[in-house]
Amino acid sequence: MEVERVQAIASLSLTTDNIPAEFIRPEKEQPAITTFRGPVPEVPTIDLSDPDQENLVRSIANASKEWGIFQVVNHGVPTDVITKLQAVGKEFFELSPEEKEVYAKIPGSQSIEGYGTQLQKDIDGKKPWVDHLFHKIWPPSTINYRFWPKNPPSYRDANEVYAKYIREVADKLFTSLSLGLGVKGHALKEGVGGEDIVYMLKINYYPPCPRPELALGVVAHTDLSSLTILVPNEVPGLQVLKDDHWIDAKYIPNALIVHIGDQIEILSNGIYRSVLHRSTVDKGKARMSWPVFLEPPAEFVVGPLPQLVNEENPPKYKAKKFKDYAYCKLNKLPQ
């Protein structure tokens, strides 16, 4: 195996009660030191079935301006659909290392699809405490089943059913977010690719960590997507930066967590904010999450919506092809 997977390192570390030095974050990032312990405001929770459309739009817009993140309940995705998605993902990560490596990312590939470990460059040479699996779930023309596990056998069905429901949730969110900016309901969806938006699923697997106070599952970042819609498991770990404090997002059973990503911040010309977030790890249990990143097609150009730009409010961001934006972001180059 060319890459040492975190799952394998975790198995060895649990017997020694230590973690390798490359996983120990600098003090300014260590969760034991930097997590806010005072009374914290809660990440907003929004009922997507609210019959008062104006109230729903206002709630989503306010959360997106002030937080860049919110949780949604009564979102229309059946509980058993989410349970099956989680079950097949968990089963994949419980397979033998050899079985998982069949789906490994292709070395040298420009695509992030596949089973892997490190994703972004880390300037300090530090590593996150996580393994992952990436693959596209929509539209059908973009799907490469080479990266969809064949084991468990129900993996494909569980993901296809989930994709159908999550697209309905996304459309509802795009509409509310657009109306909250005072533009037509289809504006934001069209602004990131319309029906060609790529739905990229990632499964994050954070193994138990003997020194969770020193490590991070995923370091602080904003998502380069337009929206991210995430299913967590019951092990908490998502933290968001709010008023310069790292605060824990409460686990709500059957809720979906919605992140505003960079492309929506750009389209809204900074009215909505892409949320800075990170993930902590747990000593006793594996934490898992299932984000779906809604990304523009590679060649699609995203810039501030013309309706939101004028002499008093000039564009704050450059319009650029999504593939160029992603390349700069992943390689830590200026935009």
Should E66 and R273 be marked as a salt bridge (Lys or Arg N to Asp or Glu O under 4.0 Å) after you check the CA-CA gap, both sets of side-chain angles, and the distance that decides it?
CA-CA 8 Å; E66 294 166 22; R273 47 179 285 241; over 6 Å; no

Could you list all the salt bridge (Lys or Arg N to Asp or Glu O under 4.0 Å) pairs where at least one residue sits in [range], not counting sequence neighbours?
{"range": "residues 219-241", "value": "none"}
{"range": "residues 34-62", "value": "E42-K250"}
{"range": "residues 81-90", "value": "D80-K84, K90-E94"}
{"range": "residues 310-322", "value": "E299-K321"}

Between [Y] and [X], is there a side-chain heavy-atom distance shorter than 4.5 Å?
{"X": "F36", "Y": "Q239", "result": "no"}
{"X": "D262", "Y": "S225", "result": "no"}
{"X": "Y206", "Y": "D282", "result": "no"}
{"X": "L238", "Y": "I69", "result": "yes"}
{"X": "I106", "Y": "R146", "result": "yes"}
{"X": "I203", "Y": "F92", "result": "no"}
{"X": "T280", "Y": "P212", "result": "no"}
{"X": "V240", "Y": "I247", "result": "yes"}

I'd like to know whether V258 forms a side chain to side chain contact (heavy atoms under 4.5 Å, CB included) with I46, so could you lay out the CA-CA distance, the side-chain angles of the two residues, the decisive distance to 0.1 Å, and finally the verdict.
CA-CA 10 Å; V258 180; I46 295 168; over 6 Å; no

With salt bridge (Lys or Arg N to Asp or Glu O under 4.0 Å) as the test, would you mind laying out the steps for E213 and R211 before giving the verdict?
CA-CA 5 Å; E213 72 281 6; R211 302 297 303 277; 2.6 Å; yes

Under 3.5 Å, is there a donor-acceptor pair linking the side chains of [X] and [Y]?
{"X": "K65", "Y": "S268", "value": "no"}
{"X": "T34", "Y": "R25", "value": "no"}
{"X": "Y317", "Y": "E265", "value": "yes"}
{"X": "N144", "Y": "E113", "value": "no"}

When rounded to the nearest 0.5 angstrom, what is the spacing between [atom1] in [X] and [atom2] in [Y]?
{"X": "H245", "Y": "T35", "atom1": "NE2", "atom2": "OG1", "value": "12.0 Å"}
{"X": "I33", "Y": "L214", "atom1": "CD1", "atom2": "CG", "value": "8.0 Å"}
{"X": "L133", "Y": "K100", "atom1": "CG", "atom2": "NZ", "value": "11.0 Å"}
{"X": "E295", "Y": "T228", "atom1": "CD", "atom2": "OG1", "value": "8.0 Å"}
{"X": "N313", "Y": "I271", "atom1": "CG", "atom2": "CD1", "value": "6.5 Å"}
{"X": "H132", "Y": "K202", "atom1": "NE2", "atom2": "NZ", "value": "6.0 Å"}

Sidechain-backbone polar pair: [X] side chain, [Y] backbone, donor-acceptor under 3.5 Å:
{"X": "Q263", "Y": "L224", "result": "yes"}
{"X": "Q86", "Y": "P232", "result": "yes"}
{"X": "H75", "Y": "V77", "result": "yes"}
{"X": "D131", "Y": "V6", "result": "yes"}
{"X": "K242", "Y": "W67", "result": "no"}
{"X": "R278", "Y": "W246", "result": "no"}

Less than 6.0 angstrom from the centroid, inside 45 degrees of the normal: does R5 satisfy that with respect to the ring of Y115?
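Judged by the rule (NZ or CZ under 6.0 Å from the ring centre, within 45° of its axis), R5 counts as positioned above Y115.
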
Side chain to side chain contact (heavy atoms under 4.5 Å, CB included), that's the test. Do D196 and F300 meet it? Break it down for me.
CA-CA 10 Å; D196 296 323; F300 195 86; over 6 Å; no

Hey, quick one: are [X] and [Y] part of the same hydrophobic cluster, counting side-chain heavy atoms closer than 4.5 Å, chains of contacts allowed?
{"X": "Y199", "Y": "F322", "answer": "yes"}
{"X": "Y165", "Y": "Y155", "answer": "yes"}
{"X": "I166", "Y": "V198", "answer": "no"}
{"X": "L85", "Y": "L95", "answer": "yes"}
{"X": "I260", "Y": "V57", "answer": "no"}

Please tabulate, for side-chain N and O atoms in residues 284-294, each donor-acceptor pair with protein atoms closer than 3.5 Å (sequence neighbours left out).
from: R287; atom 1: NE; to: V235; atom 2: O; distance (Å): 3.1
from: R287; atom 1: NH1; to: S279; atom 2: OG; distance (Å): 2.6
from: S289; atom 1: OG; to: N204; atom 2: ND2; distance (Å): 3.1

Criterion side chain to side chain contact (heavy atoms under 4.5 Å, CB included) on E4 and T117, from CA distance to verdict:
CA-CA 8 Å; E4 201 170 8; T117 299; over 6 Å; no

Any idea which heavy atoms bring [X] and [Y] closest together, and the distance?
{"X": "S274", "Y": "T222", "answer": "OG-CB, 3.3 Å"}
{"X": "K105", "Y": "G116", "answer": "NZ-CA, 4.3 Å"}
{"X": "C209", "Y": "W129", "answer": "CB-NE1, 3.4 Å"}
{"X": "V88", "Y": "A158", "answer": "CG2-CB, 3.8 Å"}
{"X": "A319", "Y": "V301", "answer": "CB-CG1, 3.9 Å"}
{"X": "A10", "Y": "P207", "answer": "CB-CB, 3.5 Å"}

Show every donor-acceptor pair shorter than 3.5 Å between a side-chain atom in residues 175-182 and any protein atom, with sequence neighbours excluded, or say none if there are none.
from: T175; atom 1: OG1; to: D171; atom 2: O; distance (Å): 2.9
from: S176; atom 1: OG; to: K172; atom 2: O; distance (Å): 3.4
from: S178; atom 1: OG; to: F174; atom 2: O; distance (Å): 2.9
from: S178; atom 1: OG; to: G185; atom 2: O; distance (Å): 3.3
from: S178; atom 1: OG; to: L188; atom 2: N; distance (Å): 3.1

Applying side chain to side chain contact (heavy atoms under 4.5 Å, CB included) to N269 and L305, what does each step give before you reach the verdict?
CA-CA 7 Å; N269 205 31; L305 286 173; over 6 Å; no

Taking the six-membered ring for Trp, are the ring centroids of H135 and F147 within less than 6.0 Å of each other?
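Ring centres of F147 and H135 not closer than 6.0 Å.
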
What class does the angle between the rings of H259 and H277 fall in, given that below 30° is parallel, 30 to 60° is tilted and above 60° is perpendicular?
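If you compare the ring of H259 with that of H277, the planes turn out tilted.
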
